[in-house]
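To start, the structure under review is shown below, and the notes come after it.
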Amino acid sequence: MYHPGGTIEKAVNEISKNNYVLPAIQREFVWRPEQIERLFDSLMQGYPFGAFLFWKVQPETATEFQFYDFVRNYNEFKGVHSPKVEVPKGLGVTAVLDGQQRLTALNIGLRGSMRLKLKGKHKKNPEAYPVRYLYINLLHDGSETENGVFYEFKFLEPQAAENDQEKCWFQVGKILDFSSLAAIPDLVEEEYDFDKEQRKTARTTLNRLFEVIRSNPNVAYYEEASQELNRVLNIFIRLNSGGTILSYSDLLLSIAVAQWTELDAREEIHSLVDTLNDIGAGFNFSHDFVLKAGLMLSDIASVGFKVDNFSKKNMVLLQDNWPAIRSALTRTVQLASSFGLSGANLRAESSLLPIAYYLYKIESPEGFEIKGKYKKDRAAIRDWLFRSLLKPSGIWGSGLDTLLTALRDVLKKTPDTAFPSTALASVMSKRGKQLSFSDDEVYELLDMSYGDKRTFLLLSMLFPHVDLNNQFHVDHVFPISRFTSSKLTKGGFPDEIQEEMKDWANTVANLQLLEGQLNKEKNATLPKAWLKENFESKKARANYCDLHSLGDVPDDLDGFIDFAKARYERLFEDLYVELGSSKAT
């Protein structure tokens, strides 16, 4: 049954008193500032707001579940996880099943703020996230913009709003402070130095804002009274799975969260994702990765995101195995980081799951990523992983779930004494995902351009002496800034030669791995001059050139094409030995 829910003011007041809460099956707030601004504009224009779906949770049921508060002060730096709400014993609550994003947007716009990273600022600098409040321009003339917006809403820093000489910004949340609609003219007269027409525009805008937030009964809702979790979950899934707002894995995560009893699944999964993403140079793992890892490591029938896999029995198993799963995933990502991998070059996150299963099986030994006794195992893992990531056709795409299940079967059956890279490669080959490389594939790898995620992997395989525990960058041997048309023309190179030089300049033949600080210092220095600056003796310079297969480095760009072609041939020979059919597994 649908009910009139009153005003928006009443709704945010219910949120402030924790009478409206979020069930654990809800995801995080994901709207951007522009979406909140547009929502308020839609309200001001009188567009349909949409009904909400509420779950009336009785006191005896409320004690069985975990609930969360709505985000009020959104902080991108600290994360946007909703805080827990402890429901007092003997009290019930209203849990929001549909409408979380809209209600959170209203809560932020009227009672809270947003902190978003400024462009060009480092993401780990807290000062890069200034507080911003939602404002409305009282003097906007009401003309429609190209995207159908009539009212001008904007998240602004207070100082920026105050210093704007062209517009008059009013903090939207202050509309809640008015004693009545009659107080608006007094505010306009006392606070602003407006002419007659401006006073009229400002009063009209504020009157409309007051009506929308505090007078009009804009909130309507359907209330579900059943206390059966399965019914609530089915309603939630049917409501959300047909759209694109929530991914299917979000819904399945919701089920997992709702069925864990000993641990707080939401907190555990969020915490693990944050931990994994902070390892080394940083990664970009999502809940999907952790959920799929949970299915795989817990030996649940298949690793697919299917409702049947998230049964209560399976979720109890996942909860029981969680400490070991967390340890194995953390150790796996630490190992990947020691290989030089990060979010910038890890082409397929799923490639780490068989490694995680192996480490889970051998109980994630301490120091696996550094201790000498695991050196052979690490080398086998690295070779198998890099081959799978380098394949031009892509190993970790179509048929992923069945592939992972088949690889898990291999890992389960083989002894724990060593990573079974040969057996894994054999199963992959039978599925058309060979880890051997043809001549054409080797040439294709060498033709990769700077910026391809695989260039780092390729260079690290070609030059295994590089200690990737330090931060290394993919660097142009001859600085790319030297290959602009104007500089090449100034250097006397004809147009047809320029195009060939530019083609070679951005390929593997002109790339090397260089320690981060050295790369910054090198800047646009030509390689011959850079070698002389950084290595005092001819022997040291020659050794560096040998290690990086640079050969005879010319003094300037005149010899660049010959340099690139010669290095290309040397790299092909090395790479064929490393990846070619003679070493196919």
Would you check if [X] and [Y] make a side-chain contact, meaning some heavy-atom pair closer than 4.5 Å?
{"X": "Arg203", "Y": "Val188", "result": "yes"}
{"X": "His140", "Y": "Thr205", "result": "no"}
{"X": "Leu176", "Y": "Leu110", "result": "yes"}
{"X": "Val290", "Y": "Phe285", "result": "no"}
{"X": "Pro33", "Y": "Leu116", "result": "yes"}
{"X": "Ile15", "Y": "Arg111", "result": "yes"}
{"X": "Tyr450", "Y": "Ile480", "result": "no"}
{"X": "Gln45", "Y": "Tyr151", "result": "yes"}

Audit row: Glu211, Arg214, salt bridge (charged side-chain N to carboxylate O under 4.0 Å, His left out) steps and yes/no
CA-CA 5 Å; Glu211 291 170 356; Arg214 303 187 63 184; over 6 Å; no
Nearest 0.5 Å, what's the [atom1]-[atom2] distance between [X] and [Y]?
{"X": "Leu276", "Y": "Gln334", "atom1": "CG", "atom2": "CD", "result": "9.0 Å"}
{"X": "Asn137", "Y": "Glu166", "atom1": "CG", "atom2": "CD", "result": "10.0 Å"}
{"X": "Ile279", "Y": "Leu341", "atom1": "CD1", "atom2": "CG", "result": "12.0 Å"}
{"X": "Asn314", "Y": "Asn309", "atom1": "CG", "atom2": "CG", "result": "6.5 Å"}
{"X": "Gln319", "Y": "Ile325", "atom1": "CD", "atom2": "CD1", "result": "11.0 Å"}
{"X": "Glu34", "Y": "Arg38", "atom1": "CD", "atom2": "CZ", "result": "11.0 Å"}

For Phe40, enumerate each residue passing the ring-ring contact (aromatic ring centres under 6.0 Å, His included) test, keeping only those at least two apart in sequence or located in another chain.
Phe153
Locate the shortest heavy-atom distance separating [X] from [Y]; write the atom from each residue and the value.
{"X": "Thr455", "Y": "Ser449", "result": "CG2-O, 3.3 Å"}
{"X": "Leu389", "Y": "Ala348", "result": "CD2-N, 3.8 Å"}
{"X": "Gln198", "Y": "Asp193", "result": "OE1-O, 4.3 Å"}
{"X": "Ala356", "Y": "Leu329", "result": "CB-CD2, 3.9 Å"}
{"X": "Asp98", "Y": "Ala51", "result": "OD2-O, 4.2 Å"}
{"X": "Pro23", "Y": "Leu97", "result": "CG-CD2, 4.0 Å"}

[X] atom [atom1], neighbour heavy-atom count above 12 within 6.0 Å:
{"X": "Tyr133", "atom1": "OH", "value": "no"}
{"X": "Lys154", "atom1": "NZ", "value": "no"}
{"X": "Asp177", "atom1": "CG", "value": "yes"}

With distance as the sole test, does [X] use its side chain to make a donor-acceptor pair with the main-chain N or O of [Y] at under 3.5 Å?
{"X": "Asn107", "Y": "Gly112", "result": "no"}
{"X": "Asn163", "Y": "Gln159", "result": "yes"}
{"X": "Asn345", "Y": "Arg454", "result": "no"}
{"X": "Glu224", "Y": "Lys56", "result": "no"}
{"X": "Ser298", "Y": "Ile300", "result": "no"}
{"X": "Ser327", "Y": "Ala324", "result": "no"}
{"X": "Arg115", "Y": "Asn73", "result": "no"}
{"X": "Asn506", "Y": "Gly451", "result": "no"}
{"X": "Asp69", "Y": "Val85", "result": "no"}
{"X": "Ser338", "Y": "Leu335", "result": "yes"}

Verify salt bridge (charged side-chain N to carboxylate O under 4.0 Å, His left out) between Glu369 and Arg331, making sure each step is shown before the conclusion.
CA-CA 8 Å; Glu369 70 278 14; Arg331 188 75 65 202; 3.6 Å; yes
Criterion side-chain contact (heavy atoms from CB on, under 4.5 Å) on Val212 and Phe49, from CA distance to verdict
CA-CA 11 Å; Val212 165; Phe49 185 39; over 6 Å; no
Check against side-chain contact (heavy atoms from CB on, under 4.5 Å), Asn19 and Thr94
CA-CA 6 Å; Asn19 290 334; Thr94 297; over 6 Å; no
Over 60° means perpendicular and under 30° means parallel, so tell me whether [X] and [Y] are parallel, tilted or perpendicular.
{"X": "Phe77", "Y": "Tyr129", "value": "tilted"}
{"X": "Phe29", "Y": "Tyr74", "value": "perpendicular"}
{"X": "Tyr135", "Y": "Trp169", "value": "perpendicular"}
{"X": "Tyr20", "Y": "Phe54", "value": "tilted"}
{"X": "Tyr360", "Y": "Tyr357", "value": "tilted"}

Evaluate salt bridge (charged side-chain N to carboxylate O under 4.0 Å, His left out) for Lys117 paired with Glu76, printing each intermediate quantity in order.
CA-CA 7 Å; Lys117 190 179 81 66; Glu76 195 176 38; over 6 Å; no
So, Ser271 versus Arg326: side-chain donor-acceptor pair below 3.5 Å or not?
yes
Apply side-chain contact (heavy atoms from CB on, under 4.5 Å) to the pair Leu139 and Lys167, showing each step before the final yes or no.
CA-CA 6 Å; Leu139 298 182; Lys167 301 174 183 179; over 6 Å; no
side-chain contact (heavy atoms from CB on, under 4.5 Å) for Leu346 and Glu349? Distances and angles first, verdict last.
CA-CA 7 Å; Leu346 179 57; Glu349 295 170 355; 4.1 Å; yes
Could you walk me through whether Glu267 and Lys84 pass the salt bridge (charged side-chain N to carboxylate O under 4.0 Å, His left out) check?
CA-CA 10 Å; Glu267 186 174 310; Lys84 285 184 183 180; 3.6 Å; yes
Only one of Leu404, Leu295, Val303, Thr332 passes side chain to side chain contact (heavy atoms under 4.5 Å, CB included) with Leu353; say which it is.
Leu404
Decide if the gap between the ring center of Tyr221 and the ring center of Phe52 is smaller than 6.0 angstrom.
no
